[in-house]
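Remarks on the structure that follows.
In this chain, residues are counted from 1 in sequence order.
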Amino acid sequence: MVFWVFGYGSLVWNPGFEYNEKVIGFIKDYRRVFDLACIDHRGTPESPARTCTLENVEGAICWGAAYCVRGGPERERLAMEYLERRECEYDKKTLVDFYKEGEPSEPALTGVIVFTSTPDKVSNKYYLGPAPLEEMARQIATAHGPCGNNRDYLFSLERAMFAIGHEDDTVIELAKEVRRVLGTKGNGIPVEKKISGSSPAALKSHMPALQLRSLQEAVVMDS
């Protein structure tokens, strides 16, 4: 018995579980978007972070890392339980084909698990939906939770995609706008600048009200 899981957010640089193999590659007809609320890792119920989910777009590709877990039912169970706690805001597990670089015609793997979310604010309380770039940047610039700042999640993803040789234009553009909001230089080091309109009240006026509760058992891990 074996399973593969595809990571496109923090799993790219911080899997957090024991695995046997890691392969860089991509999945088709999905793109990375920052439309999902995170209330227990990089944000709170009062000030949710924005983290990655996938949007189904024909012809798009999303690069990331696939991880293989093998070694028996117990090892696989522990890995999946960890992933389900960590990815608790995602309400679906989707099975996808995974492609390696240089082999775009035939999938290298089939039946790869990827955590996704229903893009509907009624049925999925964690779905924030799209927003203007500046609004998303202000939310990411100020949100923080037990695992750290929302902006560090974004900047870490930016570095991780650069490290695997497949930068994401959406990530780059959003990271650039967050740095502009923060008044940071290109290396991400903050300089003195007041963020106008970044009070909790100002931020809440731009975000949908979320009637969410944190996990009953705190689990400090990334999202």
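Applying the side chain to side chain contact (heavy atoms under 4.5 Å, CB included) test to A79 and every residue at least two apart in sequence or in another chain returns F3, F17, V69. Evaluation of the side-chain hydrogen bond (donor to acceptor under 3.5 Å, both in side chains) rule for K22 yields no partner, not counting sequence neighbours. Take E18 and apply the side chain to side chain contact (heavy atoms under 4.5 Å, CB included) test, not counting sequence neighbours, and it matches R75. Checked against side chain to side chain contact (heavy atoms under 4.5 Å, CB included), A163 has no partners two or more places apart in sequence or in another chain. Among residues two or more places apart in sequence or in another chain, the ring pair (Phe, Tyr, Trp, His ring centres under 6.0 Å) test is passed with F26 by W63, Y99. T118 meets the side chain to side chain contact (heavy atoms under 4.5 Å, CB included) test with D91, K92, D120, S123, N124; sequence neighbours excluded. Taking E76 as the reference, nothing meets the side-chain hydrogen bond (donor to acceptor under 3.5 Å, both in side chains) condition, with sequence neighbours excluded. With sequence neighbours left out, E101 forms a salt bridge (Lys or Arg N to Asp or Glu O under 4.0 Å) with no residue at all. Taking the salt bridge (Lys or Arg N to Asp or Glu O under 4.0 Å) definition, one finds that R159 meets it with nothing, sequence neighbours left out. Residues forming a salt bridge (Lys or Arg N to Asp or Glu O under 4.0 Å) with E58 (at least two apart in sequence, or on another chain): none.
In this structure, the side chain of Y8 does not engage the main chain of A65 through any donor-acceptor pair within 3.5 Å. Side chain of R42 to backbone of N149: a donor-acceptor contact under 3.5 angstrom is found. A distance-only check finds a donor-acceptor pair linking the side chain of K28 to the backbone of P104 [under 3.5 Å]. At distances below 3.5 Å, not a single donor-acceptor pair connects side-chain atoms of R31 with backbone N or O atoms of E55. Checking side-chain atoms of N150 against main-chain N and O of H144 turns up no donor-acceptor pair under 3.5 Å. Using modelled atom types, one side-chain atom of Y67 and one backbone atom of L11 make a donor-acceptor pair closer than 3.5 Å.
Between R77 and E74, some side-chain heavy-atom pair lies under the 4.5 Å cut-off. With a 4.5 Å cut-off on side-chain heavy atoms, V57 and Y30 do not count as touching. Using a 4.5 Å heavy-atom cutoff, the side chains of I39 and T44 are not in contact. Looking at heavy atoms from C-beta onward, C88 lies in side-chain contact with D40 at the 4.5 angstrom threshold.
Salt bridge absent: E103 and K100 never bring a charged side-chain N and a carboxylate O closer than 4.0 Å.
Here the SG-OH distance, from C52 to Y90, works out to 6.0 Å after rounding to the nearest 0.5 Å. Atom OG1 of residue T94 and atom CG of residue N56 lie 9.0 Å apart, to the nearest 0.5 angstrom. Here the OG1-CD distance, from T53 to E89, works out to 10.5 Å after rounding to the nearest 0.5 Å. L174 CG to L133 CG: the interatomic distance, rounded to the nearest 0.5 Å, is 6.0 Å. In this structure, L154 CG and S156 OG are separated by 8.5 Å, a value rounded to the nearest 0.5 Å. Rounding to the nearest 0.5 Å places CD of E135 at 7.0 Å from CD of Q139.
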What do the steps show when you test W4 against Y19 for side-chain contact (heavy atoms from CB on, under 4.5 Å), and what is the final call?
CA-CA 9 Å; W4 286 84; Y19 60 90; over 6 Å; no

CA sep, side-chain torsions, deciding dist, call: F98, T110, side-chain contact (heavy atoms from CB on, under 4.5 Å)
CA-CA 6 Å; F98 175 83; T110 60; over 6 Å; no

Could you walk me through whether K93 and E87 satisfy the side-chain contact (heavy atoms from CB on, under 4.5 Å) test, starting with their C-alpha distance in whole Å, then the side-chain angles of each, then the deciding distance to 0.1 Å, before giving a yes or no?
CA-CA 10 Å; K93 295 189 193 79; E87 309 297 302; over 6 Å; no

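For the 3.5 Å distance criterion, the side chains of S10 and R86 qualify, holding a donor opposite an acceptor.
Residues L95 and I27 share a hydrophobic cluster, clusters being chains of Ile/Leu/Val/Met/Phe/Trp/Tyr side chains in contact below 4.5 Å. Two different hydrophobic clusters hold I61 and V33 under the rule that ILVMFWY side chains link at heavy-atom gaps under 4.5 Å.
For residues 165-174, every residue pair satisfying the salt bridge (charged side-chain N to carboxylate O under 4.0 Å, His left out) rule, not counting sequence neighbours, is listed here: R32-D168.
Nearest heavy-atom pair across A143 and A49 is CB-CA, 3.8 Å. Across A141 and V181, no two heavy atoms sit closer than the pair CB-CG1, 4.1 Å. Smallest separation of non-hydrogen atoms from G64 and V12: CA-CG2, 4.3 Å.
Note that R50 lies outside the cation-pi zone of Y153, set by a 6.0 Å cut-off to the ring centre and a 45° limit from the axis.
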